[in-house]
Amino acid sequence: MDPGQGALALKVAPAARVRALALEAGFDLVGFARPEPIPAGTLMDWLAAGLAADMDWMAARAADRLDPRRLLSDARTVVALACNYWTDSPEVEGSPVARYARGRDYHATLRDRLRAFRRMLRADWPGLRTYGSVDHGPFLEKVWAVRAGLGVVARNGCLVTPRFGSWVVLAVLLLELEVDAYADGLEADRCGSCRLCVDACPTDALDGSGRVDARACLSYQTIENEGPVPLEHREAMAPHVFGCDVCQEVCPLNAAPLAAHGTRFLPRPVAGLDARALAAMTPESYAALVPGTALARAGLDGLRRNAAYALGAARDVGSRPVLERLARDPSAVVSEAARWALARLPPP
């Protein structure tokens, strides 16, 4: 929590003014919700449970996740914020890195914009106290984005917005300030009978109701799982080395993406590497290319492990030399992945 300068006298602020400041800070979408706890038996309660499915860490501080006033006792408003991250960069099309991770780490970008937003808010309301979150702490950003009217959760579990589709990253800011306009409620379902994402998912991680089996999802396996990827998911890893965009790429609601403004989401050189180059990455090349990007989450061994699986799943004969080197690597997860990949290549 950011304590600000002191207690703020209760006021009602123009939502239009708060929205304008958020847009000036660099956010693309802004919505407002009352910080009311998510009651049992409602759609939002189900949604919160669905987002936490099979993610043990999400169970921690469950009460805080459902009641924003446990995080900021005098909270009056949840400001839901989104940034479009889609970029049209032909030189990295086909990259084994998910689109959101090709540029600067979005956590840093959104934190920078939150800081700017807070400064501008305090210029208008000195002493304003806030609590911000960007994919950390006990806050379900997606739930509050829906409550604030930014979009709906599609069958693939992604938030889909009318303007940017699902190519958005999210932040929230709790304010001890009431605004004069809040979202009217949930938007209508936009998926209808479409099941393209469910049918296209490489590991059948989607159940068709917006829930994601996190431990089957390749985004989880390539980023959060530090051990060996389960055998039943390895064949689906070509060409995925960090994250997976399949369910977004096939979504008709993403058919007309808009380019992100500014340079923060433009691809960095690491996004131009293919799976062979990522598998061959050394500590020196890692240090030169990865820091400051979301790929740092996987680490050097995680990226090389993932690349080895992807090469084996693709039956990439030309990758044999790098896989043979990795099969002797001191990292157990890297060497095991390389041996698995080598076993899938035709005999030399």
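Position 1 is the first residue of the sequence; numbering continues from there.
Arg118 and Thr130 share a side-chain donor-acceptor pair at under 3.5 Å. Side-chain contact annotation: Tyr131 with Glu176, donor-acceptor N/O pair under 3.5 Å absent. The closest side-chain donor-acceptor pair between Thr77 and Glu178, if any, does not fall under 3.5 angstrom. Between the side chains of His261 and Asp28, at least one donor N or O sits under 3.5 Å from an acceptor N or O.
Looking at Glu141 and Arg147, no side-chain N of the basic residue comes within less than 4.0 Å of a carboxylate O on the acidic one, giving no salt bridge. Using a 4.0 Å cut-off between charged side-chain N and carboxylate O, Asp329 and Arg305 make no salt bridge. Between Asp112 and Arg115 there is a salt bridge, since a side-chain N of the basic residue sits under 4.0 Å from a carboxylate O of the acidic one. Salt-bridge formation is detected for the pair Glu224/Arg297: a Lys NZ or Arg NE/NH1/NH2 atom is positioned less than 4.0 Å from an Asp or Glu carboxylate oxygen.
Counting heavy atoms from C-beta on, the side chains of Leu258 and Arg163 come closer than 4.5 Å. Two residues are said to be in side-chain contact when any heavy atoms from C-beta on lie closer than 4.5 Å; Leu114 and Val134 meet this criterion.
Taking the six-membered ring where the residue is Trp, Tyr100 and Phe242 present tilted rings, their angle falling between 30° and 60°.
Under the 3.5 Å distance criterion, the side-chain polar atoms of Lys142 are left unmatched by any main-chain donor or acceptor of Val152. The backbone N or O of Gly312 lies less than 3.5 Å from a partner atom in the side chain of Arg315, making a donor-acceptor pair. Using a distance-only test at 3.5 Å, with no hydrogens or angles considered, no donor-acceptor pair links the side chain of Arg113 to the main chain of Phe27. Distance alone, capped at 3.5 Å, places no donor-acceptor pair between the Asn156 side chain and the Leu206 backbone. The closest donor-acceptor contact from the side chain of Ser89 to the backbone of Val92 lies at 3.5 Å or more, if one exists at all. Side-chain N or O atoms of Arg102 include one that pairs as donor or acceptor with a backbone N or O of Val97 at under 3.5 Å. Asp245 places no side-chain N or O within donor-acceptor distance of the main-chain N or O of Gln248, the cut-off being under 3.5 Å. Panel note: side chain Arg155, backbone Cys194; a donor-acceptor pair is recorded below 3.5 Å.
Residues Phe164 and Trp86 place their aromatic rings such that the two centres sit no closer than 6.0 Å.
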